[in-house]
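Source: prediction; values computed, not measured. The chain is numbered in sequence order, starting from 1.
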Amino acid sequence: MQNIWSFTRRYLWVTAMFSLLFGACERSVDDLDAPGFPSNPDVFIDGFSGGLNYAAFGGSVPTAFDVDEDITYNNSAASMRFIVPNFGDPNGAYAGGAYFTGVPRDLSGYDALTFWAKASQTASIDIIGFGNDLGQSTYQASISGLQLNTGWNKYIIPLPDASKLTAERGMLFYSEGPEDGKGYTFWIDEVKFEKLGTLSHQNPAILNGENVVVAAENEETIQITGLISTHSLPTGLNLSVNVTHNYFTFTSSNTNVATVNASGVVTVLGAGTAVITAKLGNIDAAGSLTINSVGESVKPAAPAPTPTQPADKVISMYSNAYNNVPIDTWNTRWLYSTAEESFITIAGDDVIRYRNLNFVGIEFTSQKINATNMTHFHLDIWTPDATNPPNNFKVLLIDFGPNNTFGGGDDTQHELTFTAPVLTSQNWVSLDIPLSNFSGLTNRANLAQLVLSGTIPNLFLDNVYFYNNSAPPQVPTTAAPTPTHSPADVLSIFSNAYTNVAGTDFNPNWGQATVVTQEPIQGNNTLKYTGLNYQGIQLGSNQNVSDYAFLHLDFWTANSSQLNVFLISPGPIETAYALPVPTSGWVSMDIPLSAFAPVDLTNVFQFKFDGNGTIYLDNLYFRK
């Protein structure tokens with residue numbers, strides 16, 4: 001006990017980065033079946049039982065837990081204290097962690113985990129239970145929404161099947177966030193496993209006890225969820241315990257149609273009907289999954305056409321050809337939507353499959369899309385269904401407006417309908433939709449939702465993106481970025497942001513063909529080189545720039561294929577530095593002055609540019 005007490009007092013916490021419900025690290029439990037493990041039922045009785053360790057969950061406040069000697073149950077020596085953080089606490093979003101043993105324990109002689117608890121206010125613990133051992137957490141069990149008040153009360157978590165707990169490491173785990181955004185404190189004491197003998201009427205269930213019927217096809221997999229075991233407590237109340245699939249034995253009525261593995265994953269193999277049921281020990285579980293399989297599905301034999309739009313002109317939602325922006329969900333499961341989505345591959349290409357589609361919401365509210373500079377919206381769709389009239393496919397785009405809130409009074413939207421001959425069956429159809437066709441979508445800066453609907457129930461979807469198909473501008477429409485470097489660290493040659501070297505000639509007569517002008521762009525004076533072959537700049541006085549680190553310049557060109565900048569010292573000694581052209585907007589460059597060696601940086605007196613095309617230049621300066 002001394003080691004763990006010292007461990008707690010010094011806050012030497014180990015943060016375990018793993019999923020709350022299932023451990024992220026893999027650890028074999030094959031060696032845990034050997035008999036003879038201790039049957040010690042105690043977890044915390046006036047202190048920790050021997051061999052117990054604690055680890056905070058990833059993202060939680062690592063110091064949320066401590067031992068309290070002042071507030072205890074029945075004047076015991078100590079209790080477990082948990083301080084739940086306020087919303088936005090920089091130390092962590094919630095309080096959570098697991099208590100686990102180094103040596104497994106045999107808990108098969110008990111039927112419940114019990115403890116006393118109270119809180120500084122009425123509250124509800126999100127999840128608390130046992131079986132989380134920071135590994136596979138094979139026999140994890142928990143209850144959700146444990147109600148606490150300001151008085152001490154005894155709580156019972158029934159063991160769903162104690163016979164399986166012959167080598168258990170996970171003694172207790174919990175997770176609790178702020179209540180209405182505010183933190184609070186709760187205490188737990190006298191934590192132990194007991195043989196109550198007063199629990200009764202155990203009723204396990206899969207799928208929360210419902211008899212679910214689904215349509216399916218070959219190679220589809222379905223995870224059995226909603227795994228619970230309900231027990232009658234000594235008080236007469238029923239309590240449902242959330243359990244892992246390892247407590248259950250699953251069975252398929254027709255393994256030619258569908259099989260189910262020990263993890264509750266159903267795999268569809270052939271046409272017909274199969275019913276998936278389960279037992280917990282010798283008790284039949286309520287609920288079932290009926291698979292009505294059509295067998296082999298009709299799907300594309302080849303992937304959708306590979307997009308050809310330049311990546312820098314695309315905002316991609318779903319495509320292997322581009323980097324995709326975050327999408328919250330490809331199926332919001334709004335009320336009355338029957339759509340089921342799955343993510344599959346066609347010849348190595350990722351595709352979204354929708355079945356039973358009447359309408360489906362696709363949402364990206366957490367990071368909205370600004371398509372103001374885009375001209376088109378693209379989708380590739382494939383369906384095995386008939387597309388002859390009156391069958392149709394609809395695309396709805398929704399913008400939440402400047403207030404970024406649904407229903408805030410400034411939302412705009414528009415829906416377009418597509419029919420044959422645009423739609424065809426069993427062919428990839430590429431829809432390139434001008435955004436101007438969405439006439440009711442008057443704002444595109446805060447796009448948050450896409451809705452697909454129509455009378456085509458089976459749909460394969462790929463390459464969903466916005467793109468700009470307009471010709472690139474030939475002149476900059478915005479000024480170069482305003483410099484942010486301190487004037488004390490800058491020697492400026494040409495910039496509205498600083499005081500420039502006096503007397504500089506920006507168009508010396510070197511026999512060049514370049515036409516030089518200075519033009520205002522958004523009120524900012526900008527150098528323009530038209531028909532560049534070469535062009536010089538003669539400084540008003542020779543400059544010692546050896547104390548500076550970089551040459552900075554902003555440049556813009558739509559048609560140059562070659563552009564170099566030279567730094568020159570008397571001799572003349574000059575060195576070129578190649579600039580990347582053409583540009584897709586203003587490019588800001590910070591060129592190390594070492595790149596211009598062997599130019600004498602203590603005596604710089606000229607610049608030169610050579611190349612071709614029309615060039616716009618601004619903010620030419622040395623900086624530290």
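- In this structure, Trp428 has its ring center no closer than 6.0 Å to that of Phe460.
- Checked by atom type, the side-chain pair Thr290/Asn211 shows no donor-acceptor distance below 3.5 Å.
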Report task. Please assess Glu415 against Phe438 for the test side-chain contact (heavy atoms from CB on, under 4.5 Å), listing each intermediate value before the final yes or no. Result -> CA-CA 7 Å; Glu415 183 175 66; Phe438 294 91; over 6 Å; no
**Report entry** side-chain contact (heavy atoms from CB on, under 4.5 Å) evaluation trace for Leu416 with Leu396
**Finding:** CA-CA 6 Å; Leu416 297 174; Leu396 170 66; over 6 Å; no
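- For the pair Phe418 and Leu431, the minimum side-chain heavy-atom distance is below 4.5 Å.
- Across all their heavy atoms, Gly145 and Ser124 have their closest contact at CA-OG, 3.1 Å.
- The two residues Val451 and Trp334 make their nearest non-hydrogen contact at CG2-CZ3, 3.7 Å.
- Considering all non-hydrogen atoms of both residues, Pro580 and Thr583 come closest at O-CG2, 3.8 Å.
- Results of the side chain to side chain contact (heavy atoms under 4.5 Å, CB included) test with Phe466 over Val325, Thr375, Leu397 single out Leu397 as the only residue that passes.
- A 6.0 Å sphere centred on CG of Asp312 holds more than 12 heavy atoms belonging to other residues, nucleotides or ligands.
- Between Asn469 and His376, the side chains place no donor N or O within less than 3.5 Å of an acceptor N or O (distance only, hydrogens not considered).
- For the pair Thr267/Ile222, no side-chain contact is recorded, criterion being any heavy-atom separation below 4.5 Å from C-beta on.
- Rounded to the nearest 0.5 Å, atoms CE (Met317) and CG (Leu447) are 9.0 Å apart.
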**Report entry** Verdict with reasoning, Asn391 to Thr455, per side-chain hydrogen bond (donor to acceptor under 3.5 Å, both in side chains)
**Finding:** CA-CA 5 Å; Asn391 289 322; Thr455 59; 3.1 Å; yes
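- Using modelled atom types and a 3.5 Å distance limit, the side chains of Ser319 and Asn463 yield a donor-acceptor pair.
- Counting only residues at least two apart or in different chains, ring-ring contact (aromatic ring centres under 6.0 Å, His included) contacts with residues 252-276 are absent.
- Between the side chains of Ser470 and Asn468, at least one donor N or O lies within less than 3.5 Å of an accepting N or O.
- The structure places CD1 of Ile362 at 10.5 Å from CD of Gln449, a figure rounded to the nearest 0.5 Å.
- For the residue pair Gln223 and Ser263, the shortest heavy atom distance occurs at NE2-O, 3.0 Å.
- Lys299 places a side-chain heavy atom less than 4.5 Å from the side chain of Glu219.
- Side-chain contact annotation: Asp380 with Ser430, donor-acceptor N/O pair under 3.5 Å present.
- In this structure, a donor-acceptor pair under 3.5 Å is present between the side chains of Asn458 and Arg353.
- Rounding to the nearest 0.5 Å gives a distance of 9.5 Å between CD1 of Ile128 and OG of Ser142.
- Under the 4.5 Å side-chain criterion, counting only non-hydrogen atoms from C-beta, Thr478 is not in contact with Ile521.
- Leu357 contributes atom CG, which lies 10.5 Å from atom CD of Glu340 (distance to the nearest 0.5 angstrom).
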Query - Candidate pair Arg333 and Glu341, rule salt bridge (charged side-chain N to carboxylate O under 4.0 Å, His left out), full reasoning - result: CA-CA 10 Å; Arg333 290 173 173 79; Glu341 88 284 6; 2.8 Å; yes
Query - CA sep, side-chain torsions, deciding dist, call: Ile206, Thr277, side-chain contact (heavy atoms from CB on, under 4.5 Å) - result: CA-CA 8 Å; Ile206 64 174; Thr277 55; 5.6 Å; no
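- Once rounded to the nearest 0.5 Å, the distance linking CG of Leu620 with CG of Leu527 reads 8.0 Å.
- Side-chain contact check for Asn525 and Asn496: no donor-acceptor pair (N or O, by modelled atom type) lies under 3.5 Å.
- With no hydrogens or angles considered, no side-chain donor-acceptor pair links Tyr94 and Asp89 at under 3.5 Å.
- Checking Asn356 against Thr338 by side-chain atom types alone, no donor-acceptor pair falls below 3.5 Å.
- A side-chain N or O of Asp328 and one of Ser366 form a donor-acceptor pair less than 3.5 Å apart.
- Rounded to the nearest 0.5 Å, atoms CG (Asn292) and OG1 (Thr273) are 4.0 Å apart.
- At a threshold of 4.5 Å between non-hydrogen side-chain atoms, the residues Ile591 and Val565 count as touching.
- Of all heavy-atom pairs spanning Thr424 and Thr387, the tightest one is CA-OG1, 3.5 Å.
- Looking only at atom types and distance, the side chain of Asn358 has no donor-acceptor partner in the side chain of Ser453 under 3.5 Å away.
- Between His552 and Tyr621, the ring-plane angle classifies as parallel under the 30° and 60° cut-offs.
- Without hydrogens or angle criteria, Tyr139 side chain to Asn132 main chain gives no donor-acceptor distance under 3.5 Å.
- In this structure, a donor-acceptor pair under 3.5 Å is absent between the side chains of Thr412 and Asp399.
- Heavy-atom minimum distance, Gly295 versus Ser293: N-OG, 3.0 Å.
- In summary, the side chains of Asn612 and Gln562 do not present any donor paired with an acceptor at a separation below 3.5 Å, with no hydrogens or angles considered.
- Counting only distance, with no hydrogens or angles, the side chain of Thr557 and the backbone of Ile615 share no donor-acceptor pair below 3.5 Å.
- Between the side chains of Asp126 and Ser175, no donor-acceptor pair is found at a separation under 3.5 Å.
- A donor-acceptor contact under 3.5 angstrom links the side chains of Ser588 and Asp554, judged on distance only.
- Dense packing is recorded around CG of Asn91, with more than 12 heavy atoms of other residues, nucleotides or ligands lying under 6.0 Å away.
- The closest side-chain donor-acceptor pair between Gln140 and Tyr247, if any, does not fall under 3.5 angstrom.
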Query - Audit row: Thr419, Val422, side-chain contact (heavy atoms from CB on, under 4.5 Å) steps and yes/no - result: CA-CA 6 Å; Thr419 59; Val422 173; over 6 Å; no
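- Looking at Asp618 and Asn524, their side chains do bring a donor and an acceptor atom within 3.5 Å of each other.
- Side-chain contact between Asn427 and Thr383 is absent, with no heavy atoms from C-beta onward closer than 4.5 Å.
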Query raised in the report: Could you go step by step and tell me if Asn331 and Thr329 meet the side-chain hydrogen bond (donor to acceptor under 3.5 Å, both in side chains) rule?
Result: CA-CA 5 Å; Asn331 189 349; Thr329 179; over 6 Å; no
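- Contact annotation: the side chain of Val395 approaches that of Leu452 to within less than 4.5 Å [non-hydrogen atoms, C-beta and beyond].
- By the 4.5 Å heavy-atom criterion applied to side chains, Leu289 and Ile224 are counted as neighbours.
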Requested in this report: Start with the C-alpha distance between Trp330 and Tyr318, add both sets of side-chain angles, then the distance that settles ring pair (Phe, Tyr, Trp, His ring centres under 6.0 Å), and finish with yes or no.
Outcome: CA-CA 10 Å; Trp330 287 93; Tyr318 190 89; 5.5 Å; yes
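- Ring orientation note: the planes of Phe406 and Phe400 are tilted relative to one another, at an angle of 30° to 60°.
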